[in-house]
Amino acid sequence: MDFVIKGNLCYCESPARLITVPDGYLVSLDGRVDGAYARLPDQYAKLPLVDVGEHLVLPGLNDLHVHAPQFAYRGLGMDLELIEWLNTRAFPEESQYSDLKYAQRAYDLFVDAMRRSATTRLACFATLHVPATLLLMEKLEAAGLRGFVGKVSMDRNSPDILCERSAQAAAQDVETWLVESRRRFTHIQPILTPRFIPSCTDALMASLGDLMRRYEVPLHSHLSENRTEIRWVEQLRPDAASYADAYDRHGMLTPRTIMAHVVYPEVDEIDLLRERGVMVAHCPASNMNIRSGIAPVRRLLKAGVKVGLGTDVAGGQTIDMMRAVTDAVQVSKLYWRLIDQKQAALTIAEALYLATKGGGAFFGKVGSFERGYETDVIIVDDTALPHPQPMTVAERVERALYLSGECKIVGKYVAGKQVL
Ligand code: GUN
Ligand code: FE
């Protein structure tokens with residue numbers, strides 16, 4: 001369906017270039033943006049017009065790292081650090097997804113919240129259970145969202161209730177799930193998801209690396225999140241030169257790889273991530289909550305590493321990606337103040353870029369209102385933030401991001417299809 005949205009448009013062409021078109025027209029043809037205009041060119045005059053009045057019209061936000069089965073307990077257990085938190089919160093909760101009835105209820109809640117959120121595309125961990133993972137994919141696809149879902153692989157250092165029987169059985173399960181999900185779904189695609197190095201034997205990693213190449217499938221994992229975890233990886237993988245190298249040895253660092261966190265990268269790891277074209281998912285809320293630290297995002301960006309944002313629910317307490325944008329700005333200020341004054345804080349435009357066009361690159365031409373980009377749009381109602389003074393669209397967007405809890409997402413389109 002072709003259409004035009006009339007409203008206050010705002011998008012980022014580059015990290016330094018935030019573009020606004022007050023009372024502008026966003027033209028969508030065949031699921032893609034044909035242009036953002038201050039005045040509607042005559043050739044589009046006959047298209048259906050969706051007039052959203054004073055509302056803000058932004059590209060949809062891309063959540064590059066979120067755990068669907070952790071949504072049900074978000075906001076709990078924030079007094080723990082990563083490994084303890086996994087053992088006492090994440091693993092027991094995820095083990096419940098062997099029960100398809102439980103998965104049905106919990107994933108309904110997750111998908112409904114996602115549909116109503118600012119997120120249009122996501123890269124999402126499920127659990128190791130194949131039936132529940134397929135159920136999640138089915139629900140996300142039915143909701144009109146797009147992106148990647150991973151059946152989690154984990155065959156060591158995990159409780160019996162949440163551990164594969166063997167590396168071989170685990171790899172077989174992944175292959176069955178890959179084939180089945182590709183047969184059944186179009187817009188929600190499978191992504192290989194070894195949980196992190198501590199939960200995957202070398203044998204399982206070797207099989208997953210092999211599947212990655214044979215099926216040309218992307219990969220999603222965690223890298224260098226917490227100091228205790230990093231020391232553990234050094235002990236588990238004495239063969240590897242670094243945490244990143246432990247993945248690279250299995251051919252897992254590619255332009256179709258997302259690595260979440262990267263809070264404590266060594267210089268050679270940053271080089272490796274750039275050379276391989278890996279996308280880093282920066283998850284500031286999670287890094288605060290479970291006290292992992294502050295990722296050196298400015299250093300990554302200066303080095304030419306690709307960066308997007310993630311909520312990492314339930315390490316992060318909310319799936320609100322508008323909040324992730326301002327969290328990224330805020331933690332970057334603390335990094336500058338407390339850790340390294342050579343690394344300038346992020347601006348709001350830079351952080352919005354990371355959540356839109358930056359992370360959107362993982363999904364194709366996604367995250368901008370430039371011609372040819374897929375029409376991913378959110379309509380933001382900020383009327384709960386009245387102001388006596390005049391305010392530019394850019395100022396209203398900044399406030400809506402900081403005060404997202406007081407704003408409403410009143411419409412959403414993914415690849416030109418209305419989903420809200
Ligand atoms: N590392 C391994 N598993 C997890 C997880 O579920 N959440 C986070 N934040 N880090 C992890
Ligand atoms: Fe995570």
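Whatever order the structure lists them in is the order used to number ligands and atoms, beginning at 1. By convention here, the first residue in the shown sequence is residue 1.
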>> When you measure from the heavy atoms of Trp85 to every atom of ligand 1, does any distance fall below 4.0 Å?
In response: yes
> Mind checking whether His261 has a heavy atom under 4.0 Å from ligand 1?
Replying inline: yes
>> Run the side-chain hydrogen bond (donor to acceptor under 3.5 Å, both in side chains) test on Ser199 and Asn157 for me, step by step, so that the C-alpha distance in whole Å, both residues' side-chain angles and the decisive distance to 0.1 Å come before the verdict.
In response: CA-CA 5 Å; Ser199 5; Asn157 297 317; over 6 Å; no
> Should we say atom CG of Asp239 is surrounded by more than 12 heavy atoms from elsewhere, each under 6.0 Å from it?
Replying inline: yes
> Going through the distances and angles, do Ser368 and Glu370 end up as a side-chain hydrogen bond (donor to acceptor under 3.5 Å, both in side chains)?
Replying inline: CA-CA 5 Å; Ser368 178; Glu370 292 156 76; 2.6 Å; yes
If you have a sec, work out which protein heavy atom is nearest [atom] and how many Å separate them, to one decimal?
atom	result
atom 9 (N) of ligand 1	Asp312 OD2, 2.7 Å
atom 10 (N) of ligand 1	Glu225 OE1, 2.7 Å
atom 3 (N) of ligand 1	Arg195 NE, 2.8 Å

Counting from 1, what ligand 1 atoms have a heavy atom of [X] closer than 4.0 Å?
X	result
His67	5 (C), 6 (O), 7 (N)
Phe196	1 (N), 2 (C)
Leu82	8 (C), 10 (N), 11 (C)

> Got a sec: is His261 within less than 2.8 Å of the Fe ion (ligand 2) via an N/O/S atom?
Replying inline: no
>> Let's go through Glu175 and Tyr215 carefully: what are the C-alpha distance in whole Å and the side-chain angles of both, what is the deciding distance for side-chain hydrogen bond (donor to acceptor under 3.5 Å, both in side chains) to 0.1 Å, and is it a yes or a no?
In response: CA-CA 9 Å; Glu175 190 162 4; Tyr215 284 86; 2.6 Å; yes
> Thr326 pairs by side chain to side chain contact (heavy atoms under 4.5 Å, CB included) with which of Leu403, Leu352, Ile348?
Replying inline: Ile348
>> Out of Val66, Leu223, Leu86, who is nearest to atom 5 (C) of ligand 1 when you count heavy atoms only?
In response: Leu86
>> Please report, to 10°, the angle around the Fe ion (ligand 2) from atom NE2 (His65) across to atom OD1 (Asp312).
In response: 90°
> Where the Fe ion (ligand 2) is the centre, what is the NE2-to-NE2 angle for His222 and His67, rounded to 10°?
Replying inline: 100°
>> Would Asp63 and Thr311 count as a side-chain hydrogen bond (donor to acceptor under 3.5 Å, both in side chains) here? Give the steps.
In response: CA-CA 6 Å; Asp63 190 343; Thr311 60; 2.7 Å; yes
> Glu94 to ligand 1: N or O pair under 3.5 Å?
Replying inline: no
> After noting the C-alpha distance and the side-chain angles of His222 and His65, does the key distance pass the ring pair (Phe, Tyr, Trp, His ring centres under 6.0 Å) rule?
Replying inline: CA-CA 9 Å; His222 296 94; His65 184 70; 4.7 Å; yes
> CD of Glu266 to CG of Leu272: how many Å apart, nearest 0.5 Å?
Replying inline: 12.5 Å
>> If we set the cut-off at 4.0 Å for heavy atoms, which region of Glu229 has an atom near ligand 1: side chain, backbone, both, or neither?
In response: neither
> Can you tell which of Phe125, Phe71, Tyr102, Phe110 makes a ring-ring contact (aromatic ring centres under 6.0 Å, His included) with Tyr97?
Replying inline: Tyr102
